[in-house]
Every structure is written in structure tokens, then in C-alpha cells.
Amino acid sequence: MAAPALERPTATAGTQTVTIAKALNMGLRASLERDPKVLVMGEDVGKLGGVFRITDGLQKDFGEHRVLDTPLAESGIIGTAIGLAIRGYRPVCEIQFDGFIFPGFDQIVSQLAKLHFRSQGKVRMPVVVRVPFGGGIGAVEHHSESPESLFAHISGLKVVSCSNPVDAYWMLQQAIDCDDPVLFFEPKRRYYEKAELDPTTPPIPLFNSRVVRAGSAVTVAAYGPMVRTCLDAATAAAEDGLELEVIDLRSLSPLDLDPVFDSVRRTGRLVLVSEAPAESSVTSEIASRVQQECFYSLEAPVLRATGFDTPYPPSKLEEGYLPDLDRVLDVVDRSLAY
Amino acid sequence: MAAPALERPTATAGTQTVTIAKALNMGLRASLERDPKVLVMGEDVGKLGGVFRITDGLQKDFGEHRVLDTPLAESGIIGTAIGLAIRGYRPVCEIQFDGFIFPGFDQIVSQLAKLHFRSQGKVRMPVVVRVPFGGGIGAVEHHSESPESLFAHISGLKVVSCSNPVDAYWMLQQAIDCDDPVLFFEPKRRYYEKAELDPTTPPIPLFNSRVVRAGSAVTVAAYGPMVRTCLDAATAAAEDGLELEVIDLRSLSPLDLDPVFDSVRRTGRLVLVSEAPAESSVTSEIASRVQQECFYSLEAPVLRATGFDTPYPPSKLEEGYLPDLDRVLDVVDRSLAY
Amino acid sequence: MSPEQWTRSGTSSATEGAAGPPAATAAKPTREQVIAGLRATSEGGADLVQLLTPEGQRVTHPDFDIDISAAQLRDLYRDMVLVRRADREANALQRQGQLGIWVPLLGQEAAQIGAGRAMQPQDMAFPSYREHGVAWCRGIDPTELLGIFRGTDHGSWDPNTTRFHLYTIVIGNQCLNAAGYAMGQRFDGKVGDPDGEATVVFFGDGATSQGDVHEAMVWSAVYDAPVVFFCQNNQWAISEPLERQTRVPLYRRASGYGFPGIRVDGNDVLASLAVTRWALDECRQGNGPVLIEAFTYRMDAHTTSDDPTRYRLADEQEAWKLKDPIERLRVHLIREKFAGQDFFDGIDAEADELAARLREFCFNMPEPPPARMFSEVYAEETAQLAAQREEYLRYLAGFVDDEAMAGGVR
Amino acid sequence: MSPEQWTRSGTSSATEGAAGPPAATAAKPTREQVIAGLRATSEGGADLVQLLTPEGQRVTHPDFDIDISAAQLRDLYRDMVLVRRADREANALQRQGQLGIWVPLLGQEAAQIGAGRAMQPQDMAFPSYREHGVAWCRGIDPTELLGIFRGTDHGSWDPNTTRFHLYTIVIGNQCLNAAGYAMGQRFDGKVGDPDGEATVVFFGDGATSQGDVHEAMVWSAVYDAPVVFFCQNNQWAISEPLERQTRVPLYRRASGYGFPGIRVDGNDVLASLAVTRWALDECRQGNGPVLIEAFTYRMDAHTTSDDPTRYRLADEQEAWKLKDPIERLRVHLIREKFAGQDFFDGIDAEADELAARLREFCFNMPEPPPARMFSEVYAEETAQLAAQREEYLRYLAGFVDDEAMAGGVR
Ligand SMILES: Cc1ncc(C[n+]2csc(CCOP(=O)(O)OP(=O)(O)O)c2C)c(N)n1
Ligand SMILES: Cc1ncc(C[n+]2csc(CCOP(=O)(O)OP(=O)(O)O)c2C)c(N)n1
Ligand SMILES: [Mg+2]
Ligand SMILES: [Mg+2]
């Protein structure tokens, strides 16, 4: 059975309801169309369209030299993408699941992150590494991890995560347009969440965070799959008369914390939410920076609702492992108790 | 020229003056003697005794099956060490330099850290990965990095760093005795610093931090090579009448923060010092935990003196990159200014 | 289960046994298929070691012949039928929502049972994630596999007592772990005589591209490690045909490392047994490592989440059905009068029982307790983690209290 | 520089030219040496491609012969002498504390100049960290190499215009980068005719164990990438002899991937040139990849930080001195009357000039400005990093103020 043909989005396509998965596909398609140097590469991204079908139909329309089914090795995917970038291409690599990025870690850290610096700017690394990440899908081991903090710690990389279809569409294209290497974390459990997308409305800058719900009681900041959870928590809290301000961080490195600082100066309280273990993570960094910048404004310490400091558990336990609405509200309560 | 024979330390050897490098060698020797299952493996650890001579003389005395010159591949070193551990061995792997641990990252994260958990405790992973780390030695690229935070973020690993010969001797043996995988970070720029070692004095537990200088004005916490820097800073500060309390963290995961909390409750001020870039790091984590635990005691935000968020620079620039006495005191001053 | 039951819809026009077009013709990819990237082939080539033809004919081989009794042949048949049945049942359980995912071994029974039965109790196996047949041979009951796929655990058996390591999902990792283990066998003095120990590591055609597999071969060669690299070339790595990983047959990799590489008919349980036994003996004696490429075919989807109709043609499967590993042994047993209808009926009944037991077990699997995720992270638990567990349990208890107060049930 | 100058102490009893014991005998490791792990050999074996013997005799080869003029031979000689001189001078500069470290190429001049001169301007090279000879051929002045070893930069040349990538220290990384680059050459339509483009990647014998090198070979084979894998087997990876990485000659790896592998005498500049030119042409035409193992010897320490007396015997070096790449070409030029004393004197004078210039340059290298470490981390700088730079500069300025006030000089 052939892959269903995708409508080609154009600037005049008008608003349509799309999932995050579809929006990513549209974003890739738009980039492939706009710039002949853009390549898509990874395991099963061709005929299959990727295990999540994010690259569905792209090989058919752009050919095997633009959309490459690679051999099965992540160091190879990243390492050859680097070579292609040196040659002037803009490769977009797909890592099939979060847990499989580690064989490619060395090339990411030692070459991808450093080549621009090493060459004093003479070599550019416009490479995007797409990583479907996070849990909540009932998968087996290595398919539900949240390794983003590791990359946020590596200087020379940029790390972003989208949380909704509109951002998915734009942020991916912006990442591809960026002349620096971008780790692009996709909230796989939210792939099928829908929203209205109007491709004619211009996006906000890639590396900006954004207040996605205004509130005055407690600031809650999250990224990727946890933004939805926080919004749901905010809705629930509002029913109890508690207005949470929710910030979608969007960029994890560089962090755009000014909106967080502003918010915390108003609310005096911050709760950080992520699926990743807390230890030495992006949420640690944000807590550290906020306690420094907002020292005199904080009425409670910065608190976190995160995955535990354990390996990702068997999926029957993931409901307990992952922060959910209740856990977020529990931490919000603890913040308010100060 | 044959390697100089090392005196075999015994419980009755009495006190001797040794370098960190020598203490590590003695610690390895003691472990190899005590337990026939202990293996030493890595690139050039045999006849050469390692590029830093930490394994000097060991292959000669324990043979090629106890001290293995491995093929040149870090995934291979870690991956086969895991297999040897499954077989009942206790491998001690040497990674030649910090920057070369990344090809082994996948095996560390996917297997070494997880096998005990995956097997519900049936498989133990008593593997030590020794990593000479940090800068300040005028080396070329990839030879001066501080990747410890990446491992602190990975659940299932334990991460420690020694700062002096006595700890080097004991902590390495304790790490080898530990039934969990331990990343053992050695402060290579301090390898030749000396101290008195009395092998009959029992050590403190491996995963404990320790106050190495008492003071009341500001708490300064560091690990590995920066402990010396902080002690020097404390000496300098004392000349100006300012008493810094210096804590050697020793264990980065798990963190032993009770001594830090106690100290901060007294001083109200904390400065964290490390060579690693600050972003999403161990120092972020400590700041995050301290602001939470000591919320009402802090008179200033937790501040940090760290490497910058750049790739490690060419060595002519490292003096500026690495926190030194002046930088530490500058941040101490900033803390006191609150 | 006969070949026509392979396809989930009953509508396929499966060709029975040795009838229909000769396998070679049906299997040779057409020009169009090649262009379309549908290039998997059923041609093992001249180097293929075979002892039992697809038509059930016993043939000889100059290097790898084997003496085997009728009883042993029947046992191999039983093994294959039972593991196939367990596989199909688990697949069905997934379809019914009882498992999150299943990884079918359909079509690879001969490769796995041959290799598994070649092993001695003292040998060690490192599987990938599809080795249900090898698990069977190592005495792991199929019920013990379910936890992984239901999400209750990451492997419930004891790798030490069964000498069957946990399933490894990160492609290639286990090859290095196996090389290390085999080095240990050697260091322990267990190599060098006929009763020595050896290790077998299982991996796929796709896996051969991973650096870890290479490093494992380098290590094993350099340390003379007693390890058999058993590559099941089932022609596909999810949607990618073999040609995305190599230009030449995979068994040839071995020569670049200086040890033997053999391509065996992976649908021929006798050949798989004979070649693996030989390879293990070589390793036991200290002449390892050895690479075996078992030339076979993944008859079902990659996993239950996969849709192979997107990337491969039904023709190809049809061609491979003619090479069914079970069918050829059944024909052989009948032709040689090594087994009668009673025997076949008995095995079928046993298979039914096994399936029923598996099903029953699956339905009754307990959920793991919530605190389990904090257990066995470390051999020596950290205070940090203990505190997290306590806090989490307190948090959970809070709900119970709330509910108790509200009189509700969570 | 003649072979006896190789050892830093003048006390060695170097055997001159073709006199002394025949190389094969001297080089064959004794039983004791083998047991002691000192197993490097100077025997290239029957498959070694050679066009110029250690005694300077021109020999023919059925597959890889080459037409070369006297002028071209003199050029090759000049290249080798000059890069050796630059290498020795840099080594001396390190001894004098002017460089933090130096990585000597001594002994590998023929392998590198042969390969480097086989390249066309449109070809791309990916070096490891010892390829000073290849750099020379790509038009990189030896002075441009010094920054890396003095610690002022990580490579000062422009990889785009020189078509010589930055030095890569993490063993094996560059092989995948080269494979990707070569894929790009193919995608750009630059492959398939005699004027096409190709890539050469340089790595060592130790590097062959790394997964990345394997993956690079897999990728290149699968994508028909026009890349020549040029392995300088200098017998040692720091202290580890070849036998710690492989059982069989490294050129044989290629057959496992389905492309040609050739072992060339790496101390024979003609053979290195001929084989590399052939391999590049194959790649250009679309018949890549090709693996070349240049069989050579690291005559000096691994780096200036290394002490090879700890792990290898002087005998071994002595044996290899008889195979000196420069000496054999010098003898050949003289014997064939392709060059007279004037020529040799001229080259020596040129070498002296080069050494003086290198020295002069090194002494006058400026320190990089402190803010440099913040530059070019990103193509699009982040506010976070800009803030760090500003803060750091303010911090530095504070010292200047302090000193100004104190009237001191920092
Ligand atoms: C390092 C890594 N990358 C990607 C995956 C995702 N993945 C799972 S199975 C598979 C294909 C494996 O093919 P092969 O090795 O031929 O084994 P088969 O499944 O055919 O038995 C892939 C890409 C993985 N598990 N690990
Ligand atoms: C990934 C990695 N591991 C370890 C090192 C340290 N190291 C530098 S050179 C070297 C030996 C390399 O040997 P070989 O590949 O034969 O090249 P040669 O130096 O002989 O030219 C080692 C182990 C490194 N640079 N990179
Ligand atoms: Mg396969
Ligand atoms: Mg070498």
C-alpha cells in the first residue's frame, strides 16, 4: 500500500487542523522545497516514512538523494551528516527514538558541537538532529527517555523542543534555517494532538520562550510534552480559583529566561516540570538561574515536578514516574505552602 | 628501560609522601592484590603504564590477563568490561583523556548504568571507569574537558572525584569495592601534588562530602582540581580576615549535601566552583537543591565560578577560562555584596 | 501451523510445500523491484551450507555434516512448532491489547533452534530482542518473555542461572558485552578442551552496520575470545533491505578480521545446528571467534507496530514460504518415516496447551507495585533515591487518604 | 637529514643505507620479542606494492606502475626533505618549550607525500593529526600548523579553500565526516568522469578498531562514495603494536565490505603515489571506495610527550632505518643520474630556510586575545554567551583598573 499523498502546503493554503506529526511533516516538506541543500536522513525515513511517519511521502516526492534511508548506526548518521554539512548541505537527521541517540553522542559532542568553534567560524554546521522523546506511550525500554539535558550541557549545540502543531511546523523550519547545530526534541506522546495551523502567520523567533497562559498565583514552566500537562493543571487549578501562569520554554539551550524572571517577579513562585530525571538537568539550571536573578522576589524556593532519578521504568509504572496533573498541582501546593 | 618497581604498600607501610598519581597507582595495586577478579584495562595501560603512568608496573607484576592493553576503541573498552562484569570480574577501565569517553557513552548509558535495574538486581555492575579530567595542563583539544555532569545526570551511575592523594588512594579502592558502576574522575592537573598518606588510617565513606576548611563567612564548595584552588582562595581571603568554609564534594552523584546545607545555614552564602561549563551541570543541581533546602537561610543567592559555556578553548586561553583564585574571590565578593 | 496460516488475512494465495514456481525464480527480484528498493532475495548463493532442502531432502556437506537420530530430529521439530506457536499466540495477545508490542520470530525458528540446541549448558548466550527460540532452548519458559512486552519488567529471568543474558534492544550493544564475557571465559581457563565454555551472540543484518559489532569482532579476534557471532540475516532491518547495510554477503566480514565466516541456510535447522555446533567447538578449543550468517527471512512484520506492506512486496514472502523451516522438516520426517500422524498430533496438542497456558498467564500477570521503579537502581541504594521513594509513597498514600475521606475508590 | 640523525642522542649505531644486515632479518621479531609484546614487523608480505626498493632500485608492478619524469621525482624528493625538516624543527621547538606538544611524522614522509601528490586540487582531504606531509601538499604552510601545538588555535587554515579539513584528534571521527563529504560529492554530480572529485581520509592502524571507521566503510560502500581510506599503518598506536588491533593485515578489511584493499609500501613514495592515484581515479569514476594500507613505521615517539623506550626495542627502529623513504629516493636519483650534488645542496639550503622561517614564525606568534574563547561558538551568537563575554571582559577590566590604581603591571 503506497503512502497517502500529502497536500503540499503553500503560503496561501489557509488554516488547517493538523497534528504535531503532520505539522512536522509539512515543515520538512516546506524546507525540502525551499532549499535544495536540505536533506533528510535516518533509519527507515524513506519508503516507510519513519516509524512515526514524520517523513511520510518525502522520499517519494524528493527522491533518494534528498531523503536517505541510512545504514543502521547513529554515529554514522551524525558523522556523515557532518561531512555533508561541510560540503554545503543542510542535513536533518532523524534518530528513531530518544534512547538510540547515544551511539551518535561522540560525533555530536566532539565534532558537531565544536566544528564551528574549532575552525574559528570557517566551517558551519547547519545540522538538525530530530529526536522523538519522552514517555507515556507504553513502549519497551529505551523508547521513552528524555536525554535533552545532556545536550543542553554541551556548549556549541542549540536545543529546542516543540509542544504544539504550530510550533512544530515553524520551529522545525527555523531549526533547519539556523546555521548552528540544533537538537530538535519532539514530544512523541503528543504527536497526534491537533491544532489550527495557519502557515501564513509568521512565527516567533526559534529561541524564545513564551507565556502560554497568563496567571498570577504561581509560575509553571515546562517544555515539550509537559506543556500540555501544565496547561491541563492550570485549567484544573483555575476551577479552584488558582491562576497559574504557564510558560513554554521552547528553547532549552540557549534558555530564554527573561519571561520567566518577569513572571516570577510577579508571582514569587516557580514550579518547573519535566519528564527527565531532575539531577543535573535543565530544570536544575533554570532553578539555579532563577534563584539568582529573582533572589529578592521569590516567596518560595523554586520547586520541581520531574521524573525520578531512576532509569525509565517498565511502562506499567510510567504513569507514576511521569509528572501528571496531580503531581504538578501537588508541587504547586507545596510552593504555595511557603 | 623497564618501569621502576613500585614498593608494595602494606597495612604496616607507615606514612609516606605520595603524589595523587602515585596514590592511584598504589590503590590499583592494592585492589589487584586483594581481589583476583579485579582487572585493569584500557589503551596503553600495560607496558607503558598509561600515558600518565597511573598503571605503571602493574602489568609487569600482575600479568597480561589482569592488566589489559585493549584495542583502540572506548565503546569496546566499556562494552567488554560490562561483559567481564557479568562474568564476575571487577574491571577498572582507564579512559585516556576526558574527551575520549564519548565513543563509550552509549555503553555507559544504555548498559552499564541500567543492567542492575534491568535485571531487577540479578546482574551487578562493579565497573570503575577512571577518567583523568579537567584542564590547566596546556594540552591540545579534547584533553582538558570536564564531562562529569553528563554522568551525574544518568540514573544508575555513581560519580566521584578525588582532590588529594589520600582520597585518591582510598576512594579508588572503595570505588572498586562498590558493586555499582562508578565514574571516577581524576584531577589530572593535580596528579603531581603531594601529601602524606598513611595506609593504616581508615578512610571516610566514598560517597560523603567533607569540610576541608572551616570558616564562617561564605561556604565554597568544589570537587576535583578546584578544591586546591578554593583552599588557596581561602588562604588568600583569610589574609584579608575573611574566613571561607571549603567543602570538598567528593561525590557528584549521589550528592552528599547535608554538610553543605549545614554550612550554608551558618554562613548564609554559597559559592560553587567547577571547571565545567555551568549550563545544566552538577553545580546547577547543587544550587537548585540548596536554594530549596536553605531557602530561609540564604542571605545571597547561590553563585557559581565555573568554566564558560564555550567549548574548551585553545590552551593559551585556558588561564582565563578556568576559575582561579581571583575568579573565586570575585564571586565570593559578589556573594558578600548581597 | 502450516505456511498458509502465516498471513493474518486468510485471503493469500499461498503456494503449498514444494509445489508452485521454483523458489529461486519467484525470489529473484525483478528489475522493477530492485529499482523500487525491494531487493531482498531468497538466494543464499553457492556458499550456503544446507543439509535439508526446502523440499525436505537430506543432503550432505563436505565440511558440516552431522549425525542425528530420528528422535533428535523429532525434538527439533517439536521445538520449532512450539516456539512458533508461542510466537503466534503472543502476537495475538498483542492484537488483543494484552501486550504493548510483540517482536515476532516467525520464519526464523530453524536458525534459532539450531543455534540454541547446539549450545551446551555451560555456554552463554547474548540475545538481541527476537530470540524467543533461543530463549526456549535455554530453558526460559515463553511466559517469562511476556513481562518485557507487557511492560511489567525489562526481563524476568535470571541471566546467571539460565546463561541467557537479558534481551538487548540497543542495536549491537550485546555483541561487545558477549565479547567481554567470552574473554572472561578464557581468562577463567575454560577454553582449550572439548568440555570448555563458549558464548553465542545474536544480532541482525541491520546490526552489522553498528560500530559496536565491529569492535566486538576486533576484540574477539585480538583476545581469541570463544564467541560465535550468530547473525540472523532476515533480509530486513525494519523497512530497509540488506542492500542498505552492505554490498556483499555478511559472512564475508569475518575474513577482514581473520576468523572464519560461514553462511548457513537459516531455514534449515540441521544446518544451523551443525554449523553452530562446529563453531562452538572451535571456540571451546580456543580457535574462536567464528561468524555465522544465518540466511533467513522475517516472515512477519518487524514488530506488531510495523506495517511491512509499505515497503515490501507480498511476492517476496510468497517465495520464502516455500522455504519454510518447519514444513521442510515435517516433510522429511514423513518421507523418512521418522514420525507418524500420532507424533504430529501430539505436538499440535502440546502447542495448543502451551498457547493456552501463555494466554492464561498473560491475563493474570500482576501489575508491578509502584515502588518497584525505585528498586535495584543500585546494588547499594543511595540516600537520595531512598528519599525520593519515601516521598513518592507518601504522595501516593495521600491519594488513598483523600479517597478514604471521600469514600471513593481510585 | 640522513637516517643516523633520527635518534635524538647521537650515540646510536645506525647502519647506513643498504649496508648492514638485510632488513628482513633485522626486522623479524625474535621469539623473545614476540613474548614481550614487541611484535611490530617490517615485513610487508607478498602483497606489498612496491616501486622503489629500500636500496633505491626501481621495480615494476603489474597493476600499479607509474610513468614519472626525473623532474617529478626530484619534486617528490624535495617535498619529503622539506616536510621532514619542518617536522624536526617543530619537534625541536617543542623541546625548547615553544610548543606544548608536537606529533612527529618522521618516517611517514613517503606515505603522505605520495598520497598528497596523488590528489587533484578539486579533491578533499580529511587528516588525522599527524598529516603534516599531506598538509604540505594541500598548500598549507608548516607555520599554519603551529597554532594547534602552541595552543593558540585549533587549526588556522581554511578547510574550504585548501580542501584540507581540520586536524581531528578523536580517533576515527574524521572517517565518517569524510564519508559524508564524499557522499555530497556524489550527490553534487561530481563523480563519474575523469575530472570528477574524490576524498581521501587519513587514519592510523590503531584507529581501525574504532566503530566510526567501520561505519564509515559501511556507509561509503552502500553509497558508492568516492572516498579513499588511507590507513598509515605505522605499526604502533602509542605503545600498542599492531597485534593489539588485528590478527591479519589491515588492507584485508576491505574485502569484508566489498571494495578493494591494497597494501602499499608506505616508505616508497612512488608506490604510494601510484596506488593513491589509481584509487582516486577509481573513486572519481564512481568505483569507490578503496582502502589503502600504507605499510610504514613511526620512527619517532608518538608525540613529544611519549617515551617509546618503555615499549619498543631500538633494534626495530634500526631495521626500519634501512627502509628510509628519503634515502631510497636519494640513492635512486643519484644512481639514475636524475640529480647531482647541486640539486641536493639546493634542497638542503631550502630546508634550512624553511626551518629558520618556522622558528622565526613560532617565536613571534601572537597570543590570542582573551575574548577569543567566546567567538565563533555559534554562527548566530546567543544572548547568554554574549552576556558571559561582557561580564568576563568587565572582570578583566577590573584588574587593569586595580593595577592602574596600584601603579603596577600585571
Ligand atoms: C541503536 C539503535 N538504533 C535504532 C534502533 C531501532 N531499531 C530497532 S530494531 C531495528 C532494525 C534491526 O534490524 P536487524 O538488525 O536486521 O534485526 P531484525 O530486527 O531484523 O531482527 C531498528 C532500527 C535500536 N533498537 N537501536
Ligand atoms: C577516541 C580516542 N581515544 C584515544 C585517543 C588517544 N590517542 C591519541 S593517538 C592514539 C593512538 C593512535 O594510533 P594510530 O591510530 O595507529 O595512529 P598514529 O598515532 O600511530 O598515527 C591514542 C590512543 C584519542 N585521540 N581518541
Ligand atoms: Mg534483520
Ligand atoms: Mg599507528
Side-chain angles (χ1 to χ4, degrees), chain A residues 37 39 41 64-66 68-89 91 103-104 106-107 109-126 155-158 177-181 206-207 251 253-258 289, chain D residues 124 126 147-148 153-161 165-170 172-190 199 201 210-212 214-216 218-223 225 227 368 372-386:
Chain A
K37 289 297 185 189
L39 304 178
M41 53 196 286
E64 292 204 359
H65 279 185
R66 301 287 307 283
L68 285 72
D69 271 330
T70 65
L72 204 178
E74 287 73 11
S75 192
I77 294 171
I78 308 290
T80 56
I82 290 167
L84 283 158
I86 296 171
R87 181 73 191 179
Y89 285 88
D106 177 44
Q107 284 281 353
V109 171
S110 302
Q111 302 304 333
L112 187 64
K114 291 199 172 90
L115 263 167
H116 190 258
F117 184 74
R118 298 180 62 210
S119 69
Q120 294 174 57
K122 296 187 197 79
V123 176
R124 301 212 150 178
M125 277 294 120
S155 308
L157 300 177
K158 292 176 174 176
D177 286 348
C178 177
D179 272 343
D180 293 307
L206 176 57
F207 300 107
S251 178
S253 181
L255 282 162
D256 175 29
L257 292 185
D258 285 339
R289 305 251 293 261
Chain D
M124 179 73 184
F126 282 80
I148 297 173
D153 58 53
H154 292 326
S156 63
W157 61 91
D158 184 339
N160 306 306
T161 54
H165 188 63
L166 292 187
Y167 276 7
T168 298
I169 292 178
V170 183
N173 278 182
Q174 77 277 14
C175 294
L176 274 168
N177 306 156
Y181 189 93
M183 284 163 64
Q185 290 176 316
R186 189 174 195 104
F187 296 167
D188 286 348
K190 302 295 188 189
T199 292
V201 60
Q210 281 284 7
D212 272 14
H214 164 73
E215 295 182 17
V218 168
W219 247 261
S220 302
V222 163
Y223 288 102
V227 59
R372 162 71 60 79
M373 70 184 139
F374 297 99
S375 312
E376 286 117 11
V377 175
Y378 299 102
E380 302 164 20
E381 187 176 63
T382 66
Q384 179 175 319
L385 205 56

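None of the values given here were measured: they were computed from a predicted structure. Just so it is clear: chains get the letters A, B, ... in the order the sequence lines come, proteins before strands, and each one is counted from 1.
- Across all non-hydrogen atoms, the minimal contact from A:S110 to D:N173 is CB-OD1, 3.5 Å.
- The CZ atom of A:R118 sits 8.0 Å away from atom CD1 of D:I148, with the distance rounded to the nearest 0.5 Å.
- A heavy-atom distance below 4.5 Å is found between the side chains of A:D106 and D:V170.
- Interatomic distance, D:F187 CZ to A:K37 NZ, rounded to the nearest 0.5 Å: 11.0 Å.
- With a 4.5 Å cut-off on non-hydrogen atoms, A:R124 touches chain D through its side chain but not through its backbone.
- One finds the OG atom of A:S75 at 9.0 Å from the CD atom of D:Q210 (value rounded to the nearest 0.5 Å).
- In terms of heavy-atom pairs under 4.5 angstrom with chain D, the leader among A:A85, A:S155, A:S119, A:G76 is A:G76.
- Using a 4.5 Å cut-off between heavy atoms, A:A81 makes no contact with chain D at all.
- The choice from D:F126, D:W157, D:Y378 that makes the most heavy-atom pairs within less than 4.5 Å of chain A is D:Y378.
- When heavy atoms are compared at a cutoff of 4.5 Å, D:E376 approaches chain A by way of both its backbone and its side chain.
- Of the atoms belonging to A:D69, it is backbone heavy atoms, and not side-chain ones, that fall under 4.5 Å from chain D.
- D:H165 approaches A:I86 most closely through the heavy-atom pair CE1-CD1, 3.3 Å.
- Using a 4.5 Å cut-off between heavy atoms, A:I77 touches chain D through backbone and side chain atoms alike.
- Taken to the nearest 0.5 Å, the CD atom of A:Q120 stands 8.5 Å off from the OG atom of D:S375.
- For D:T382 against A:P254, the heavy-atom pair with the smallest separation is CG2-CG, 3.6 Å.
- Proximity to chain A (any heavy atom under 4.5 Å) is shown, for D:D158, by both the backbone and the side chain.
- Using a 4.5 Å heavy-atom threshold, the side chains of D:E215 and A:Q107 count as separate.
- For a residue to count as touching a neighbouring chain, one of its non-hydrogen atoms must lie under 4.5 Å from one of that chain's; by this rule D:H214 does not touch chain A.
- No part of D:S220 comes within reach of chain A, as not one of its non-hydrogen atoms sits under 4.5 angstrom from that chain.
- More than 12 heavy atoms of other residues, nucleotides or ligands shown are found within 6.0 angstrom of NZ on A:K122.
- Taking all atoms of both residues into account, the shortest heavy-atom contact from D:E380 to A:D177 is OE2-O, 4.4 Å.
- Interatomic distance, CD of A:Q111 versus CG of D:N177, reported as 5.5 Å (0.5 Å rounding).
- Only the backbone of A:L157 comes within less than 4.5 Å of a heavy atom in chain D; its side chain stays farther off.
- Contacts of D:Q384 with chain A are made by side-chain atoms alone, with heavy-atom separations under 4.5 Å and no backbone atom involved.
- If you tally non-hydrogen atom pairs under 4.5 Å between each of D:T161, D:D212, D:V218 and chain A, the highest count goes to D:D212.
- The shortest heavy-atom contact between A:D180 and D:A379 is OD1-N, 2.6 Å.
- Of all the heavy atoms in D:M183 and A:L68, the pair that sits closest is CE-CD2, 3.6 Å.
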